[in-house]
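What follows is one structure encoded as C-alpha coordinates, with my remarks underneath.
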2 protein chains.
Amino acid sequence: MPERKPRKDAVRNRAAVFEAADALFAACQNPEEVTMADIAAAAGVGKGTLFRAFGDRTGLIRALCAARLEPLRKAVEEGPEPLGPATPPPRRVPALLDAVLCFKLDNRHLALALETTGSDSPYRTEHYERWHTLLRDLLDRAPGATDSDFAAHALLAATRADLVEYLAGEKGVPREELRARLAEFTAGVLGTRL
Amino acid sequence: MPERKPRKDAVRNRAAVFEAADALFAACQNPEEVTMADIAAAAGVGKGTLFRAFGDRTGLIRALCAARLEPLRKAVEEGPEPLGPATPPPRRVPALLDAVLCFKLDNRHLALALETTGSDSPYRTEHYERWHTLLRDLLDRAPGATDSDFAAHALLAATRADLVEYLAGEKGVPREELRARLAEFTAGVLGTRL
DNA sequence: GGAAGAAGCGGACCGCTGGTCCGTATCTTA
DNA sequence: TAAGATACGGACCAGCGGTCCGCTTCTTCC
(Lines give C-alpha, C1' and ligand atoms only; values in the text may rest on other atoms or scores of the structure.)
Protein backbone atom coordinates (compact mmCIF):
# COMPACT_ATOMS: atom_id res chain seq x y z
CA MET A 1 0.00 0.00 0.00
CA PRO A 2 1.78 3.06 -1.29
CA GLU A 3 -0.40 5.55 0.67
CA ARG A 4 -0.89 8.25 -1.93
CA LYS A 5 -0.02 11.60 -0.51
CA PRO A 6 -2.98 13.92 0.00
CA ARG A 7 -3.62 16.98 -2.10
CA LYS A 8 -2.34 20.33 -0.96
CA ASP A 9 -5.69 21.99 -0.50
CA ALA A 10 -6.78 19.02 1.55
CA VAL A 11 -4.02 19.39 4.10
CA ARG A 12 -4.48 23.16 4.23
CA ASN A 13 -8.17 22.74 4.87
CA ARG A 14 -7.54 20.14 7.49
CA ALA A 15 -5.34 22.52 9.39
CA ALA A 16 -7.80 25.37 8.96
CA VAL A 17 -10.58 23.21 10.36
CA PHE A 18 -8.50 22.27 13.38
CA GLU A 19 -7.73 25.88 14.06
CA ALA A 20 -11.31 27.01 13.67
CA ALA A 21 -12.77 24.19 15.72
CA ASP A 22 -10.29 24.73 18.50
CA ALA A 23 -11.12 28.42 18.67
CA LEU A 24 -14.86 27.84 18.59
CA PHE A 25 -14.79 25.20 21.30
CA ALA A 26 -12.66 27.48 23.41
CA ALA A 27 -15.14 30.29 22.99
CA CYS A 28 -18.21 28.37 24.08
CA GLN A 29 -19.00 26.88 27.46
CA ASN A 30 -21.05 24.04 26.19
CA PRO A 31 -19.39 22.13 23.34
CA GLU A 32 -22.77 21.27 21.89
CA GLU A 33 -23.34 24.89 21.02
CA VAL A 34 -20.71 24.58 18.35
CA THR A 35 -22.31 23.18 15.23
CA MET A 36 -20.60 21.60 12.27
CA ALA A 37 -21.87 24.41 10.11
CA ASP A 38 -20.23 26.91 12.46
CA ILE A 39 -16.92 25.15 12.20
CA ALA A 40 -17.14 24.91 8.45
CA ALA A 41 -17.96 28.59 8.15
CA ALA A 42 -15.22 29.66 10.54
CA ALA A 43 -12.71 27.56 8.64
CA GLY A 44 -13.86 29.01 5.32
CA VAL A 45 -14.81 25.61 4.09
CA GLY A 46 -17.95 23.81 2.95
CA LYS A 47 -19.78 21.47 5.23
CA GLY A 48 -19.23 18.61 2.85
CA THR A 49 -15.51 18.99 3.29
CA LEU A 50 -15.80 18.52 7.02
CA PHE A 51 -17.67 15.30 6.70
CA ARG A 52 -15.55 14.03 3.85
CA ALA A 53 -12.41 14.60 5.88
CA PHE A 54 -13.54 13.37 9.27
CA GLY A 55 -16.55 11.18 8.74
CA ASP A 56 -18.71 12.73 11.40
CA ARG A 57 -18.70 15.04 14.34
CA THR A 58 -17.08 12.56 16.64
CA GLY A 59 -14.38 11.90 14.09
CA LEU A 60 -13.55 15.56 13.90
CA ILE A 61 -13.24 15.95 17.64
CA ARG A 62 -11.24 12.79 17.98
CA ALA A 63 -8.83 13.85 15.27
CA LEU A 64 -8.44 17.26 16.82
CA CYS A 65 -7.77 15.80 20.24
CA ALA A 66 -5.31 13.32 18.86
CA ALA A 67 -3.43 16.11 17.14
CA ARG A 68 -3.26 18.24 20.26
CA LEU A 69 -2.33 15.23 22.34
CA GLU A 70 0.50 14.23 20.04
CA PRO A 71 3.29 16.03 21.95
CA LEU A 72 2.26 14.43 25.20
CA ARG A 73 2.09 11.02 23.61
CA LYS A 74 5.59 11.46 22.27
CA ALA A 75 6.91 12.68 25.59
CA VAL A 76 5.50 9.61 27.25
CA GLU A 77 6.75 7.16 24.67
CA GLU A 78 10.26 8.38 24.13
CA GLY A 79 10.80 11.50 26.17
CA PRO A 80 13.04 12.23 29.15
CA GLU A 81 12.14 11.76 32.77
CA PRO A 82 9.83 11.89 34.54
CA LEU A 83 7.34 11.11 31.75
CA GLY A 84 9.57 8.94 29.63
CA PRO A 85 9.93 5.17 29.81
CA ALA A 86 13.18 5.29 31.77
CA THR A 87 11.44 6.55 34.89
CA PRO A 88 10.81 4.03 37.65
CA PRO A 89 7.06 3.35 38.05
CA PRO A 90 6.51 4.92 41.47
CA ARG A 91 7.66 8.24 40.09
CA ARG A 92 6.23 7.84 36.64
CA VAL A 93 2.64 7.17 37.64
CA PRO A 94 2.09 10.50 39.36
CA ALA A 95 3.92 12.24 36.55
CA LEU A 96 1.62 10.71 33.98
CA LEU A 97 -1.52 11.60 35.84
CA ASP A 98 -0.27 15.10 36.40
CA ALA A 99 0.43 15.44 32.70
CA VAL A 100 -3.04 14.27 31.83
CA LEU A 101 -4.54 16.66 34.30
CA CYS A 102 -2.52 19.53 32.93
CA PHE A 103 -3.57 18.70 29.41
CA LYS A 104 -7.19 18.78 30.40
CA LEU A 105 -6.68 22.02 32.24
CA ASP A 106 -5.01 23.59 29.24
CA ASN A 107 -7.55 22.21 26.80
CA ARG A 108 -10.63 22.05 28.91
CA HIS A 109 -13.06 22.81 26.13
CA LEU A 110 -11.50 20.23 23.86
CA ALA A 111 -11.32 17.41 26.36
CA LEU A 112 -14.85 18.20 27.41
CA ALA A 113 -16.03 18.08 23.83
CA LEU A 114 -14.39 14.72 23.39
CA GLU A 115 -15.96 13.14 26.42
CA THR A 116 -19.26 14.90 26.03
CA THR A 117 -19.78 13.94 22.42
CA GLY A 118 -22.65 11.54 22.87
CA SER A 119 -23.31 8.14 21.37
CA ASP A 120 -20.03 6.37 22.08
CA SER A 121 -18.49 6.21 25.51
CA PRO A 122 -15.01 7.63 25.97
CA TYR A 123 -13.90 4.18 27.01
CA ARG A 124 -14.31 2.43 23.73
CA THR A 125 -11.59 4.52 22.09
CA GLU A 126 -8.18 2.89 21.64
CA HIS A 127 -6.88 6.14 22.94
CA TYR A 128 -8.18 5.38 26.39
CA GLU A 129 -7.12 1.79 26.02
CA ARG A 130 -3.52 2.90 25.56
CA TRP A 131 -3.43 5.10 28.62
CA HIS A 132 -5.10 2.47 30.70
CA THR A 133 -2.76 -0.29 29.64
CA LEU A 134 0.29 1.83 30.25
CA LEU A 135 -0.91 2.84 33.67
CA ARG A 136 -1.88 -0.66 34.64
CA ASP A 137 1.49 -2.06 33.69
CA LEU A 138 3.21 0.60 35.72
CA LEU A 139 1.05 -0.09 38.73
CA ASP A 140 1.81 -3.74 38.35
CA ARG A 141 5.46 -3.01 38.64
CA ALA A 142 5.03 -0.71 41.64
CA PRO A 143 5.17 -2.03 45.21
CA GLY A 144 1.51 -1.46 46.19
CA ALA A 145 -0.55 -4.63 46.13
CA THR A 146 -3.87 -3.23 44.91
CA ASP A 147 -5.68 -4.54 41.88
CA SER A 148 -3.84 -2.61 39.23
CA ASP A 149 -6.44 -2.94 36.48
CA PHE A 150 -9.24 -1.33 38.38
CA ALA A 151 -6.93 1.11 40.08
CA ALA A 152 -5.80 2.34 36.67
CA HIS A 153 -9.39 2.95 35.64
CA ALA A 154 -10.16 4.71 38.87
CA LEU A 155 -7.13 6.96 38.69
CA LEU A 156 -7.97 7.94 35.15
CA ALA A 157 -11.54 8.57 36.19
CA ALA A 158 -10.23 11.06 38.71
CA THR A 159 -8.96 13.19 35.85
CA ARG A 160 -12.09 13.09 33.72
CA ALA A 161 -12.77 16.17 31.73
CA ASP A 162 -16.08 17.09 33.22
CA LEU A 163 -14.80 16.65 36.74
CA VAL A 164 -11.83 18.83 35.94
CA GLU A 165 -14.13 21.37 34.34
CA TYR A 166 -16.39 21.30 37.37
CA LEU A 167 -13.59 21.76 39.88
CA ALA A 168 -11.45 24.21 37.95
CA GLY A 169 -14.30 26.11 36.32
CA GLU A 170 -17.39 25.97 38.46
CA LYS A 171 -15.73 25.65 41.85
CA GLY A 172 -12.81 27.87 40.98
CA VAL A 173 -10.14 25.58 42.35
CA PRO A 174 -6.83 27.03 41.19
CA ARG A 175 -4.62 25.01 38.93
CA GLU A 176 -1.80 24.29 41.33
CA GLU A 177 -4.12 23.25 44.08
CA LEU A 178 -5.87 20.80 41.86
CA ARG A 179 -2.57 19.33 40.79
CA ALA A 180 -1.52 19.00 44.40
CA ARG A 181 -4.78 17.29 45.31
CA LEU A 182 -4.50 14.80 42.53
CA ALA A 183 -0.90 14.13 43.46
CA GLU A 184 -1.85 13.53 47.04
CA PHE A 185 -4.65 11.21 46.07
CA THR A 186 -2.39 9.31 43.72
CA ALA A 187 0.19 8.93 46.43
CA GLY A 188 -2.46 7.54 48.72
CA VAL A 189 -3.50 4.96 46.16
CA LEU A 190 0.10 4.00 45.54
CA GLY A 191 0.55 3.41 49.20
CA THR A 192 3.14 6.13 49.38
CA ARG A 193 1.67 7.58 52.52
CA LEU A 194 2.99 11.03 53.22
CA MET B 1 -48.94 27.60 49.73
CA PRO B 2 -51.51 24.82 49.94
CA GLU B 3 -49.90 22.81 47.11
CA ARG B 4 -52.99 21.74 45.17
CA LYS B 5 -53.01 18.03 44.66
CA PRO B 6 -52.53 16.91 41.06
CA ARG B 7 -55.25 15.47 38.89
CA LYS B 8 -55.70 11.73 38.69
CA ASP B 9 -54.93 11.38 35.01
CA ALA B 10 -51.77 13.36 35.62
CA VAL B 11 -50.38 10.98 38.18
CA ARG B 12 -51.40 7.98 36.13
CA ASN B 13 -49.68 9.38 33.10
CA ARG B 14 -46.60 10.19 35.10
CA ALA B 15 -46.31 6.62 36.23
CA ALA B 16 -46.96 5.32 32.72
CA VAL B 17 -44.21 7.52 31.37
CA PHE B 18 -41.75 6.29 33.98
CA GLU B 19 -42.60 2.72 33.16
CA ALA B 20 -42.32 3.21 29.43
CA ALA B 21 -39.12 5.20 29.58
CA ASP B 22 -37.50 2.69 31.87
CA ALA B 23 -38.36 -0.16 29.54
CA LEU B 24 -37.19 1.68 26.44
CA PHE B 25 -33.89 2.70 27.96
CA ALA B 26 -33.36 -0.85 29.11
CA ALA B 27 -34.00 -2.14 25.62
CA CYS B 28 -31.53 0.11 23.82
CA GLN B 29 -27.78 0.15 24.15
CA ASN B 30 -27.36 3.80 23.43
CA PRO B 31 -29.74 6.01 25.43
CA GLU B 32 -29.80 8.56 22.64
CA GLU B 33 -31.65 6.13 20.44
CA VAL B 34 -34.67 6.59 22.63
CA THR B 35 -36.54 9.66 21.47
CA MET B 36 -39.12 11.64 23.35
CA ALA B 37 -41.66 10.66 20.74
CA ASP B 38 -40.88 7.01 21.37
CA ILE B 39 -41.44 7.39 25.07
CA ALA B 40 -44.67 9.27 24.54
CA ALA B 41 -45.95 6.63 22.17
CA ALA B 42 -44.94 3.76 24.43
CA ALA B 43 -46.65 5.41 27.35
CA GLY B 44 -49.79 6.03 25.32
CA VAL B 45 -49.47 9.73 25.82
CA GLY B 46 -48.99 12.82 23.70
CA LYS B 47 -45.60 14.43 23.34
CA GLY B 48 -46.94 17.63 24.82
CA THR B 49 -47.73 15.79 28.03
CA LEU B 50 -44.14 14.69 28.40
CA PHE B 51 -42.80 18.18 28.12
CA ARG B 52 -45.54 19.68 30.24
CA ALA B 53 -44.77 17.22 33.02
CA PHE B 54 -40.98 17.23 32.94
CA GLY B 55 -39.85 20.35 31.16
CA ASP B 56 -37.42 18.69 28.84
CA ARG B 57 -35.59 15.50 28.15
CA THR B 58 -33.11 16.02 30.93
CA GLY B 59 -35.93 16.70 33.35
CA LEU B 60 -37.58 13.43 32.47
CA ILE B 61 -34.45 11.41 32.98
CA ARG B 62 -33.61 13.19 36.20
CA ALA B 63 -37.08 12.61 37.58
CA LEU B 64 -36.97 8.97 36.61
CA CYS B 65 -33.60 8.50 38.24
CA ALA B 66 -34.67 10.28 41.35
CA ALA B 67 -37.70 8.03 41.62
CA ARG B 68 -35.66 4.87 41.21
CA LEU B 69 -33.02 6.16 43.59
CA GLU B 70 -35.51 6.99 46.29
CA PRO B 71 -35.20 3.70 48.23
CA LEU B 72 -31.44 4.02 48.35
CA ARG B 73 -31.64 7.60 49.50
CA LYS B 74 -33.97 6.58 52.29
CA ALA B 75 -31.78 3.68 53.32
CA VAL B 76 -28.86 6.04 53.58
CA GLU B 77 -30.65 8.74 55.46
CA GLU B 78 -32.53 6.73 58.00
CA GLY B 79 -31.93 3.07 57.37
CA PRO B 80 -30.14 0.40 59.37
CA GLU B 81 -26.45 -0.45 59.20
CA PRO B 82 -24.29 -0.51 57.26
CA LEU B 83 -25.84 2.20 55.06
CA GLY B 84 -27.61 4.14 57.77
CA PRO B 85 -26.25 7.09 59.73
CA ALA B 86 -25.42 5.03 62.80
CA THR B 87 -22.59 3.22 61.06
CA PRO B 88 -19.06 4.35 61.88
CA PRO B 89 -17.42 6.04 58.85
CA PRO B 90 -14.76 3.45 58.07
CA ARG B 91 -17.46 0.88 57.50
CA ARG B 92 -20.02 3.20 56.03
CA VAL B 93 -17.91 4.58 53.21
CA PRO B 94 -17.35 1.26 51.47
CA ALA B 95 -20.98 0.38 52.05
CA LEU B 96 -22.12 3.57 50.37
CA LEU B 97 -19.89 3.11 47.37
CA ASP B 98 -20.95 -0.46 47.03
CA ALA B 99 -24.57 0.59 47.12
CA VAL B 100 -23.98 3.16 44.43
CA LEU B 101 -22.18 0.63 42.30
CA CYS B 102 -24.98 -1.88 42.72
CA PHE B 103 -27.54 0.70 41.76
CA LYS B 104 -25.67 1.47 38.59
CA LEU B 105 -25.28 -2.19 37.84
CA ASP B 106 -28.99 -2.79 38.31
CA ASN B 107 -30.00 0.28 36.37
CA ARG B 108 -27.17 0.60 33.91
CA HIS B 109 -29.23 2.02 31.11
CA LEU B 110 -30.83 4.57 33.37
CA ALA B 111 -27.67 5.79 35.03
CA LEU B 112 -26.01 5.92 31.65
CA ALA B 113 -28.85 7.98 30.26
CA LEU B 114 -28.55 10.38 33.14
CA GLU B 115 -24.84 10.97 32.76
CA THR B 116 -24.91 10.83 29.00
CA THR B 117 -27.65 13.36 28.58
CA GLY B 118 -25.67 16.13 27.07
CA SER B 119 -25.59 19.83 27.78
CA ASP B 120 -25.24 19.87 31.55
CA SER B 121 -22.54 18.00 33.36
CA PRO B 122 -23.59 15.41 35.93
CA TYR B 123 -21.76 17.44 38.51
CA ARG B 124 -24.01 20.43 38.57
CA THR B 125 -26.94 18.47 39.91
CA GLU B 126 -27.72 18.81 43.62
CA HIS B 127 -28.05 15.10 43.51
CA TYR B 128 -24.31 14.70 43.04
CA GLU B 129 -23.71 17.46 45.51
CA ARG B 130 -25.50 15.48 48.19
CA TRP B 131 -23.55 12.32 47.67
CA HIS B 132 -20.32 14.19 47.55
CA THR B 133 -20.96 16.12 50.71
CA LEU B 134 -21.99 13.03 52.59
CA LEU B 135 -18.97 11.12 51.46
CA ARG B 136 -16.59 13.97 52.21
CA ASP B 137 -17.90 14.37 55.73
CA LEU B 138 -17.50 10.68 56.34
CA LEU B 139 -13.95 10.70 55.04
CA ASP B 140 -13.22 13.64 57.26
CA ARG B 141 -14.24 11.64 60.26
CA ALA B 142 -12.24 8.60 59.19
CA PRO B 143 -8.62 8.11 60.29
CA GLY B 144 -6.93 8.49 56.88
CA ALA B 145 -5.28 11.86 56.38
CA THR B 146 -5.95 12.37 52.66
CA ASP B 147 -7.70 15.41 51.25
CA SER B 148 -11.26 14.30 51.79
CA ASP B 149 -12.89 16.66 49.32
CA PHE B 150 -10.98 15.48 46.30
CA ALA B 151 -10.93 11.90 47.51
CA ALA B 152 -14.72 11.96 47.62
CA HIS B 153 -14.87 13.17 44.03
CA ALA B 154 -12.38 10.57 42.94
CA LEU B 155 -14.16 7.72 44.65
CA LEU B 156 -17.45 8.71 43.10
CA ALA B 157 -15.74 9.00 39.74
CA ALA B 158 -14.69 5.38 40.11
CA THR B 159 -18.36 4.40 40.03
CA ARG B 160 -19.36 6.47 37.03
CA ALA B 161 -22.04 5.00 34.87
CA ASP B 162 -20.09 4.77 31.66
CA LEU B 163 -17.13 3.16 33.40
CA VAL B 164 -19.44 0.65 35.02
CA GLU B 165 -21.12 0.04 31.69
CA TYR B 166 -17.76 -0.44 30.03
CA LEU B 167 -16.46 -2.88 32.62
CA ALA B 168 -19.63 -4.82 33.26
CA GLY B 169 -20.95 -4.71 29.72
CA GLU B 170 -18.11 -4.41 27.24
CA LYS B 171 -15.45 -6.22 29.24
CA GLY B 172 -17.82 -8.69 30.79
CA VAL B 173 -16.53 -8.30 34.31
CA PRO B 174 -18.98 -10.16 36.54
CA ARG B 175 -20.91 -8.28 39.13
CA GLU B 176 -19.32 -9.71 42.23
CA GLU B 177 -15.83 -9.24 40.91
CA LEU B 178 -16.49 -5.63 40.14
CA ARG B 179 -17.85 -5.08 43.61
CA ALA B 180 -14.79 -6.73 45.10
CA ARG B 181 -12.48 -4.56 43.03
CA LEU B 182 -14.19 -1.39 44.05
CA ALA B 183 -14.12 -2.49 47.67
CA GLU B 184 -10.43 -3.20 47.46
CA PHE B 185 -9.72 0.13 45.85
CA THR B 186 -11.79 1.93 48.43
CA ALA B 187 -9.96 0.17 51.21
CA GLY B 188 -6.69 1.28 49.68
CA VAL B 189 -7.79 4.88 49.60
CA LEU B 190 -9.01 4.70 53.15
CA GLY B 191 -5.63 3.45 54.23
CA THR B 192 -7.16 0.20 55.35
CA ARG B 193 -4.47 -1.86 53.75
CA LEU B 194 -5.38 -5.48 53.58
C1' DG C 1 -76.44 15.89 39.64
C1' DG C 2 -74.81 19.33 36.77
C1' DA C 3 -72.55 23.41 35.25
C1' DA C 4 -68.49 26.30 35.24
C1' DG C 5 -63.78 26.69 35.31
C1' DA C 6 -59.34 24.98 35.93
C1' DA C 7 -56.02 21.60 34.77
C1' DG C 8 -54.27 18.60 31.64
C1' DC C 9 -54.04 16.53 26.97
C1' DG C 10 -52.16 15.59 22.27
C1' DG C 11 -50.41 15.89 17.84
C1' DA C 12 -49.58 19.19 14.08
C1' DC C 13 -46.06 22.26 13.71
C1' DC C 14 -41.36 24.70 13.90
C1' DG C 15 -36.34 25.59 13.91
C1' DC C 16 -32.25 23.52 13.79
C1' DT C 17 -28.80 19.93 13.48
C1' DG C 18 -25.97 16.19 11.73
C1' DG C 19 -25.27 14.10 7.58
C1' DT C 20 -25.70 13.24 2.17
C1' DC C 21 -25.13 14.17 -2.70
C1' DC C 22 -23.35 15.43 -6.93
C1' DG C 23 -22.19 19.05 -10.35
C1' DT C 24 -18.09 21.81 -10.34
C1' DA C 25 -13.42 23.53 -9.32
C1' DT C 26 -8.78 22.36 -8.26
C1' DC C 27 -4.80 19.75 -8.14
C1' DT C 28 -1.51 16.20 -10.07
C1' DT C 29 0.80 13.83 -13.51
C1' DA C 30 2.67 12.68 -17.95
C1' DT D 1 -1.37 21.39 -21.23
C1' DA D 2 -4.72 17.98 -21.41
C1' DA D 3 -6.87 14.30 -18.90
C1' DG D 4 -7.98 11.88 -14.85
C1' DA D 5 -8.30 11.81 -10.11
C1' DT D 6 -9.40 14.11 -6.02
C1' DA D 7 -11.53 17.30 -3.22
C1' DC D 8 -14.86 21.12 -2.79
C1' DG D 9 -19.25 23.26 -1.25
C1' DG D 10 -23.76 24.38 -0.39
C1' DA D 11 -28.53 22.96 -1.53
C1' DC D 12 -30.91 19.38 0.37
C1' DC D 13 -32.95 15.81 3.58
C1' DA D 14 -34.65 13.22 7.64
C1' DG D 15 -35.26 13.31 12.35
C1' DC D 16 -34.87 15.42 16.76
C1' DG D 17 -36.22 18.34 20.85
C1' DG D 18 -39.43 21.52 21.97
C1' DT D 19 -43.82 24.72 21.36
C1' DC D 20 -48.64 25.83 20.83
C1' DC D 21 -53.36 25.96 21.25
C1' DG D 22 -58.05 23.99 20.42
C1' DC D 23 -60.12 20.29 22.82
C1' DT D 24 -61.06 16.87 26.58
C1' DT D 25 -61.28 15.49 31.26
C1' DC D 26 -61.29 16.16 35.92
C1' DT D 27 -62.65 18.85 40.08
C1' DT D 28 -65.44 21.75 42.67
C1' DC D 29 -69.21 24.09 44.31
C1' DC D 30 -74.10 24.92 44.29
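Throughout, a chain's letter reflects where its sequence line sits, starting with A, and its residues are numbered from 1.
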#### Entry: Aromatic ring pairing B:Y123/B:Y128, orientation class (parallel under 30°, perpendicular over 60°, tilted between)
perpendicular

#### Entry: OP1 or OP2 of C:dG8 under 4.0 Å from side-chain N/O of B:R52
no

### Message
Regarding B:D106 and B:R175, does a basic nitrogen lie under 4.0 Å from an acidic carboxylate oxygen?
### Response
yes

### Query
Can you check whether A:V34's main-chain N or O pairs, donor with acceptor, with A:D38's side chain at less than 3.5 Å?
no

### Task
Let me know the distance between CD of B:E32 and P of C:dG19, rounded to the nearest Å.
11 Å

### Between C1' of D:dG15 and CD of B:E33, the distance in whole Å
14 Å

### Query
Does A:N13 have a side-chain nitrogen or oxygen under 4.0 Å from the phosphate oxygens OP1 or OP2 of D:dC8?
yes

### Summary
Applying side chain to side chain donor-acceptor pair (under 3.5 Å) to B:E70 and not counting sequence neighbours gives B:R73

### Query
Within this structure, what is the CE-to-C1' distance between A:M36 and D:dG10, rounded to whole angstrom?
16 Å

### Task
Would you kindly give the NZ-to-P distance between A:K5 and D:dA5, to the nearest whole Å?
18 Å

### Query
With a 4.0 Å cut-off, would you call A:R179 and A:E176 a salt bridge?
yes

### Message
In whole Å, I'd like the distance from the NZ atom of B:K47 to the P atom of D:dC21.
### Response
16 Å

### Distance below 4.0 Å between B:T49 side-chain N/O and C:dG8 OP1 or OP2
no

### Task
Please report, rounded to the nearest Å, how far the C1' atom of C:dC22 is from the CZ atom of A:F51.
17 Å

### Query
Rounding to a whole Å, what distance do you find between B:R14:CZ and C:dC9:P?
11 Å

Polar pairs (N or O, both sides) under 3.5 Å between protein and nucleotides 22-26 of chain D?
from: D:dT25; atom 1: O2; to: B:R7; atom 2: NH1; distance (Å): 3.2
from: D:dT25; atom 1: O2; to: B:R7; atom 2: NH2; distance (Å): 3.2

### Query
Is the closest basic N to carboxylate O distance between A:K171 and B:D149 below 4.0 Å?
no

### Query
Taking for each residue the nucleotide of DNA chain D with the nearest heavy atom, is it B:D38 or A:V11 whose nucleotide lies nearer the 5' end?
A:V11

### Query
Aromatic rings A:F185 and B:F150: how do their planes relate, parallel, tilted or perpendicular, breaks at 30° and 60°?
perpendicular

### Query
Quick one: B:F54 CZ to C:dG8 C1', roughly how many Å, whole number?
13 Å

